[in-house]
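One structure is given here, and the rest of the page talks about it.
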Amino acid sequence: ERRAQALGYDTFRYKLLAMLAAGLLAAVAGALQVLFFRYVSPQVLALDNTISVILMVIIGGSGTLAGPVLGSVVVTALGTLLSSYTQHWLLIFGLLYVAIVLWRPQGILGGSRGARGGKP
């Protein structure tokens, strides 16, 4: 961001446009979901859904575009796999989260940015 400001770009404007685009896409996705299912419930905004999304970003790595995608694949696949084997899958899932945060604090793909010359 400091580099862009040094080059004369108005970073606030670009960040505002990015947030506007993200909000617009989220609104369109929500509207399409209502049209598809013809029903919406407050469960969509439940705390466990929000936590799942945040954990997907943490697991994959928040500094990359592919990190949250990989995190969502890992979280979904592990949740499905573990829940089919045991009733205590959330405990195993929690231990895996702790292990990833301890050994890869920047996420699975977060550490790969440093190898390319970017900030970790």
Side-chain angles (χ1 to χ4, degrees):
E1 181 177 355
R2 289 187 303 194
R3 291 178 190 166
Q5 286 175 343
L7 291 172
Y9 291 103
D10 183 14
T11 56
F12 176 76
R13 188 175 87 191
Y14 286 108
K15 288 193 292 186
L16 184 64
L17 287 173
M19 289 297 290
L20 179 70
L24 179 68
L25 287 174
V28 168
L32 289 175
Q33 182 181 12
V34 169
L35 289 174
F36 183 74
F37 290 114
R38 298 188 190 276
Y39 175 76
V40 65
S41 73
Q43 183 63 29
V44 175
L45 298 174
L47 184 62
D48 58 341
N49 288 340
T50 305
I51 291 172
S52 292
V53 171
I54 291 171
L55 288 175
M56 289 174 187
V57 173
I58 291 171
I59 296 298
S62 62
T64 63
L65 186 60
V69 174
L70 178 66
S72 66
V73 169
V74 167
V75 167
T76 305
L78 276 176
T80 303
L81 184 70
L82 290 174
S83 66
S84 66
Y85 285 113
T86 180
Q87 281 184 329
H88 305 292
W89 66 277
L90 283 174
L91 176 65
I92 298 169
F93 217 35
L95 293 173
L96 286 172
Y97 283 139
V98 170
I100 289 175
V101 168
L102 286 176
W103 284 301
R104 297 289 297 193
Q106 296 171 343
I108 295 172
L109 293 181
S112 64
R113 292 180 64 203
R116 293 193 317 255
K119 286 186 177 179

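Each residue takes its place number in the sequence, starting with 1.
L109 and V53 end up in different hydrophobic clusters when Ile, Leu, Val, Met, Phe, Trp and Tyr side chains are linked at under 4.5 Å. When the side chains of ILVMFWY residues are joined at heavy-atom separations under 4.5 Å, either directly or via intervening members, V101 and L90 end up in a single hydrophobic cluster. Hydrophobic cluster membership is shared by I51 and V74, with clusters built from Ile, Leu, Val, Met, Phe, Trp and Tyr side chains linked at under 4.5 angstrom.
What you find for V69 and L65 is that their closest heavy atoms are CG2-O, 3.9 Å. Of all heavy-atom pairs between N49 and Q43, the closest is ND2-O, 2.9 Å. In terms of heavy-atom proximity, G61 sits nearest to P68 at O-CD, 3.4 Å.
Atom CG in L95 sits 11.5 Å away from atom CD1 in I100 (nearest 0.5 Å). Rounded to the nearest 0.5 Å, atoms CG (L81) and CH2 (W89) are 11.0 Å apart. Put simply, CG on L55 and OG1 on T50 are 11.0 Å apart, with the number rounded to the nearest 0.5 Å. Put simply, CG on L25 and CG on L32 are 10.5 Å apart, with the number rounded to the nearest 0.5 Å.
Looking at heavy atoms from C-beta onward, L96 lies in side-chain contact with L82 at the 4.5 angstrom threshold. A 4.5 Å side-chain heavy-atom check between M56 and T76 finds at least one atom pair inside the cut-off.
Listed by chain and number, the residues in a ring-ring contact (aromatic ring centres under 6.0 Å, His included) with Y97 are F93 (sequence neighbours excluded).
Residue pairs meeting the salt bridge (charged side-chain N to carboxylate O under 4.0 Å, His left out) criterion with at least one partner in residues 11-31, sequence neighbours excluded, are E1-K15.
For S62 (side chain) and I58 (main-chain N/O), no donor-acceptor pair under 3.5 Å exists by modelled atom type.
In the hydrophobic clustering, where aliphatic and aromatic side chains (Ile, Leu, Val, Met, Phe, Trp, Tyr) are joined below 4.5 Å either directly or transitively, L16 groups with F12.
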